[in-house]
Asks: 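So that we are looking at the same thing, I have put the structure below in structure tokens.
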Amino acid sequence: MLAAGSLNNALENGLRSNVDATIQVEAHGSAEAARLVAEGQKDPAIVSLADIALFDSPLSPEWFAEFATNSIVIAYNSDTDGGQRLAEAGSKNWFNPILDDDVTLGRTDPELDPLGYRSLFMLGLATEYYGTGADLRAAIPTREQIYPETQLISQFETGSIDAAIAYRNMAVERGYDYVDLPVEIDLSDPAYSDAYSTASYELPSGKVVQGGVISYGSTIRHQSPAVVDVFNAHTTSQYLSEFGFVVPKDYPRFTGNVPHDVTD
């Protein structure tokens, strides 16, 4: 399985115990994972990504399944001064201590994974939502904040950062506190899809990704009974909820020409 970095812990410590097959998981930022497959550098049996838009390009499978959602939060380390300042600011003013350089912030690379560009979407939407004097998308991000998705929250443990723009599941699975953001900017609520879509980012490939509700998708590239069993456990089991993901009642939701033995 080639998977989004934010799925890594759930796959390693949740999915494995739900299947009989031996699973080999390799995790990257979703944009990077999609590029590796599209360029023939990786040939996994299953691909699971954090943004279904990447199945349109650079990948173009015959079908895929949406299987989970998430939200953007500001995770923080309550044991640091910066983390405590962010906690005190709360969901109404979290950006002020960051702008004042009282909080060291981590985020991921928008060129490599959806969390990176969704962080920028959130900052842009937050500028309008809060009516801030500063353009948060321009004022907050710096190159020094960039960490790999699979290592972002672990930077709390090394003392490298006080807070991180992260997916909710990343904070939940490691037991860290987080500031919930308003649904108008956290990319979690379909009711705000039109507002989310006003944000965009151009990937190095030239593909422009639009803001939207966070939705994870998966597809099978090399089918066998064992692969189908793993895929079905991955996309239909409630184990993901234990790791902080949200699994809507109407998921998995299939798009494309789906093989009968997968939907059965």
Side-chain angles (χ1 to χ4, degrees), residues 2-8 27-39 41-42 47-59 69-75 94-95 98-99 103-129 132 134-155 160-161 163-171 178-179 181 184-188 192-193 195-217:
L2 192 64
S6 54
L7 285 167
N8 188 56
H28 296 277
S30 289
E32 183 182 14
R35 179 186 61 79
L36 291 170
V37 174
E39 294 179 355
Q41 298 184 50
K42 297 291 181 180
V47 179
S48 291
L49 304 177
D51 190 349
I52 60 171
L54 297 171
F55 288 117
D56 292 331
S57 173
L59 299 181
T69 67
N70 218 325
S71 61
I72 299 292
V73 301
I74 310 295
W94 55 268
F95 49 89
I98 298 175
L99 289 171
V103 176
T104 53
L105 183 70
R107 60 190 178 94
T108 65
D109 193 336
E111 296 187 359
L112 299 181
D113 69 75
L115 176 57
Y117 53 73
R118 284 170 173 155
S119 297
L120 300 181
F121 296 166
M122 182 277 290
L123 292 172
L125 293 167
T127 298
E128 182 175 350
Y129 176 79
T132 58
D135 179 349
L136 300 182
R137 179 164 172 168
I140 286 179
T142 66
R143 290 302 302 177
E144 292 74 21
Q145 298 165 345
I146 300 293
Y147 295 94
E149 188 176 43
T150 54
Q151 301 173 24
L152 180 62
I153 302 300
S154 65
Q155 299 306 312
S160 299
I161 57 175
I165 304 176
Y167 289 130
R168 178 180 177 273
N169 82 286
M170 297 167 71
Y178 57 92
V179 174
L181 299 175
E184 289 87 348
I185 67 173
D186 75 354
L187 306 179
S188 71
Y192 294 95
S193 294
Y196 299 160
S197 69
T198 61
S200 63
Y201 182 80
E202 184 175 348
L203 294 170
S205 64
K207 175 182 172 64
V208 176
V209 287
Q210 300 292 136
V213 175
I214 297 168
S215 189
Y216 286 71

Asks: Working to the nearest 0.5 Å, report the span between OG1 of Thr108 and CD1 of Ile146.
Replies: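 If I round to the nearest 0.5 Å, the distance is 6.5 Å.
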
Asks: What I want to check is whether the side chains of Ser160 and Tyr147 have a donor and an acceptor closer together than 3.5 Å.
Replies: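 Ser160 vs Tyr147: no donor-acceptor pair found between side chains.
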
Asks: Counting distance only, does the side-chain N/O of Thr127 pair as donor-acceptor with the main-chain N or O of Asp135 below 3.5 Å?
Replies: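 Looks like no, no N/O pair under 3.5 Å.
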
Asks: In Å and rounded to the nearest 0.5 Å, what is the CD1 to OH distance from Ile214 to Tyr196?
Replies: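 The CD1 atom of Ile214 sits 8.5 Å away from the OH atom of Tyr196.
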
Asks: Would you compute the distance between atom CZ of Arg35 and atom OG of Ser30 and round it to the nearest 0.5 angstrom?
Replies: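 Atom-to-atom, Arg35:CZ and Ser30:OG are 13.0 Å apart.
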
Asks: Strictly distance-based, threshold 3.5 Å: is any side-chain N or O of Ser71 a donor or acceptor partner for the main-chain N or O of Ser188?
Replies: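 Not a single qualifying donor-acceptor pair exists.
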
Asks: Looking at Gln155 and Gln151, would you say the former's side chain and the latter's main chain have a donor-acceptor pair under 3.5 Å?
Replies: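 Present.
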
Asks: Give the intermediate values and the outcome of side-chain contact (heavy atoms from CB on, under 4.5 Å) for residues Glu149 and Met170.
Replies: CA-CA 10 Å; Glu149 188 176 43; Met170 297 167 71; 4.3 Å; yes

Asks: Could you tell me which residues satisfy salt bridge (Lys or Arg N to Asp or Glu O under 4.0 Å) with Glu144, sequence neighbours excluded, listed by chain and number?
Replies: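 Not a single residue meets the salt bridge (Lys or Arg N to Asp or Glu O under 4.0 Å) criterion with Glu144.
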
Asks: How close do Gly212 and Leu187 get, heavy atom to heavy atom, and via which atoms?
Replies: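 Between these two residues, the closest heavy atoms are O-CB, 3.8 Å.
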
Asks: Going by side chain to side chain donor-acceptor pair (under 3.5 Å), name the residues that satisfy it together with Tyr117, two or more places apart in sequence or in a different chain.
Replies: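 Result, side chain to side chain donor-acceptor pair (under 3.5 Å) vs Tyr117: Asp51.
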
Asks: Kindly say whether Thr142 contributes a backbone atom to a donor-acceptor pair with the side chain of Arg107 at under 3.5 angstrom?
Replies: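 Yes, because the side chain of Arg107 sits within donor-acceptor range (under 3.5 Å) of the backbone of Thr142.
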
Asks: Output yes when a side-chain donor or acceptor of Tyr178 lies under 3.5 Å from a complementary backbone atom of Arg168, and no otherwise.
Replies: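 No, because the side chain of Tyr178 does not come within donor-acceptor range (under 3.5 Å) of the backbone of Arg168.
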
Asks: With Asn8, which residues qualify under side-chain contact (heavy atoms from CB on, under 4.5 Å), at least two apart?
Replies: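 So Asn8 forms a side-chain contact (heavy atoms from CB on, under 4.5 Å) with Glu12, Val25, Ala27.
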
Asks: Any chance CD of Gln210 has more than 12 other-residue heavy atoms, nucleotides or ligands included, within less than 6.0 Å?
Replies: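 Atom CD in Gln210 is packed in, count exceeds 12.
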
